[in-house]
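One structure is given below, encoded as structure tokens.
None of the values given here were measured: they were computed from a predicted structure.
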Amino acid sequence: MKEILEVTGLFTGFVSWIMVYVSLEHHYWKESTQDGSVIVTSAVYENLWRSCASDSTGTYDCREFPSLLALPGLIQACRALMIASIVFGVLGLAATLVGMQCSKVCGENYILKGRIAAIGGVFFLLQGICTMIAISWYAANITQQFFNQLYAGTKYEIGQALYIGWSSALLAICGGSCLLFSCKSSLPREKIAYQYQPGSRGHILSTVATSHAAPSNYDRNAYV
């Protein structure tokens, strides 16, 4: 059971880490909406690094964001969270590989290996939390602008990269949970051995019975 949980946690953690990178590099974090448009001649889509535009002929052009400090706080925070998510994923993979039972690192100290695997599970949980916060925050900003009747700028819809990011976060959380459960199942259950000792009550009764059975030094004839 422990080996199955470890392999499941490692596999789901690795897949989630790959999906984080795919989501981060994907162009479609948000794309311009076609709601209310009769003829669509161009489309605008953005991610955390660049803004692109394409026309009906299939020609597209991308422009990198010129300055980091000039970016909105939302973009900067989402960048930091996604990069931190990738770093946590790398640490989680390294710790899980070291802490697996089939690994030769740490010899046959399975308790230490289980704790290292649990640390890898914590890293995967942090990866999933960071990804979930970044993706959900970015999506909330898109929906807020879309339903705001007073917003005069270009309205966008949720892009494909956000769905990949949500899936990655769920897989990372599931993988980290599997690793934590595997560590819990590997902890030894200490059994306290109680040494059997005969009850003192029988000893007292036997003592009392012996004292009653002992012959008395005084006989009834002594009083006659």
Side-chain angles (χ1 to χ4, degrees), residues 10-94 123-177:
L10 178 63
F11 178 75
T12 54
F14 178 73
V15 173
S16 67
W17 179 71
I18 295 296
M19 292 177 67
V20 168
Y21 182 79
V22 172
S23 174
L24 188 60
E25 291 294 326
H26 203 286
H27 290 287
Y28 288 86
W29 274 60
K30 63 180 181 180
E31 54 184 334
S32 56
T33 181
Q34 300 177 5
D35 182 47
S37 300
V38 179
I39 299 175
V40 179
T41 59
S42 63
V44 180
Y45 49 93
E46 295 182 1
N47 62 3
L48 298 179
W49 312 99
R50 63 187 64 88
S51 176
C52 301
S54 62
D55 55 18
S56 57
T57 62
T59 305
Y60 69 94
D61 184 26
C62 294
R63 177 183 63 88
E64 300 285 341
F65 292 144
S67 175
L68 175 64
L69 299 179
L71 290 174
L74 172 65
I75 303 296
Q76 297 183 18
C78 289
R79 280 186 180 183
L81 288 171
M82 293 299 288
I83 293 173
S85 176
I86 292 178
V87 173
F88 284 137
V90 172
L91 296 175
L93 287 173
F123 281 131
F124 280 132
L125 289 178
L126 292 176
Q127 172 195 335
I129 292 172
C130 289
T131 305
M132 184 68 72
I133 293 175
I135 298 296
S136 301
W137 191 2
Y138 196 91
N141 184 71
I142 294 174
T143 55
Q144 182 181 5
Q145 293 178 355
F146 184 87
F147 292 107
N148 188 5
Q149 301 296 331
L150 302 178
Y151 182 72
T154 304
K155 293 186 177 182
Y156 294 89
E157 293 184 358
I158 296 175
Q160 302 171 4
L162 299 188
Y163 296 103
I164 298 175
W166 275 318
S167 302
S168 169
L170 292 177
L171 286 177
I173 293 174
C174 292
S177 301

What distance separates W17 CH2 from F123 CZ, expressed to the nearest 0.5 Å?
-> 15.0 Å

Taking all non-hydrogen atoms of both residues, which atom of S32 and which atom of Y156 are closest, and how far apart?
-> N-CD2, 3.4 Å

With no hydrogens and no angle check, is any side-chain donor or acceptor of S168 less than 3.5 Å from a backbone partner on I164?
-> no

Should the pair Y45 and H27 be assigned to parallel (<30°), tilted (30 to 60°) or perpendicular (>60°) ring geometry?
-> perpendicular

What distance do L81 atom CG and I135 atom CD1 have between them, rounded to the nearest 0.5 Å?
-> 10.0 Å

Can you check side chain to side chain contact (heavy atoms under 4.5 Å, CB included) on F88 and L125, steps first, answer last?
-> CA-CA 9 Å; F88 284 137; L125 289 178; over 6 Å; no

Side-chain donor or acceptor of K155 paired with backbone N/O of N148 under 3.5 Å | yes

Inter-residue atom distance I86.CD1 - L91.CG, 0.5 Å rounding = 12.0 Å

Test log, rule side chain to side chain contact (heavy atoms under 4.5 Å, CB included), inputs H26 and N47 = CA-CA 7 Å; H26 203 286; N47 62 3; over 6 Å; no

Backbone N/O of G128 and side chain of T131: donor-acceptor pair under 3.5 Å = no

For residues 60-93, pull every pair meeting disulfide (SG to SG under 2.5 Å), keeping only residues two or more places apart or in separate chains.
-> C52-C62

State the CD-CZ distance between E64 and R50, to the nearest 0.5 angstrom.
-> 4.5 Å

Atom pair CG/CD1 of L162 and I142 - distance to nearest 0.5 Å | 5.5 Å

So F65 and L48, side chain to side chain contact (heavy atoms under 4.5 Å, CB included) or not? Walk me through it.
-> CA-CA 9 Å; F65 292 144; L48 298 179; 5.9 Å; no

For Y21, does the OH atom sit with more than 12 other heavy atoms under 6.0 Å from it, leaving out its own atoms?
-> no

Validation row: W166, M132 side chains within 4.5 angstrom (heavy atoms) | yes

So, does W29 use its side chain to make a donor-acceptor pair with the main chain of S23 at under 3.5 Å?
-> yes

List the atom of E31, the atom of I158, and the distance in Å for their closest heavy-atom pair.
-> OE2-O, 4.3 Å

Show your reasoning for whether side chain to side chain contact (heavy atoms under 4.5 Å, CB included) applies to Y138 and K30.
-> CA-CA 9 Å; Y138 196 91; K30 63 180 181 180; 3.5 Å; yes

With no hydrogens and no angle check, is any side-chain donor or acceptor of Q76 less than 3.5 Å from a backbone partner on L71?
-> yes

Locate the shortest heavy-atom distance separating G89 from Q127; write the atom from each residue and the value.
-> CA-OE1, 3.2 Å

Taking T143 for the side chain and A140 for the main chain, is one N or O donor matched with an acceptor at less than 3.5 Å?
-> yes

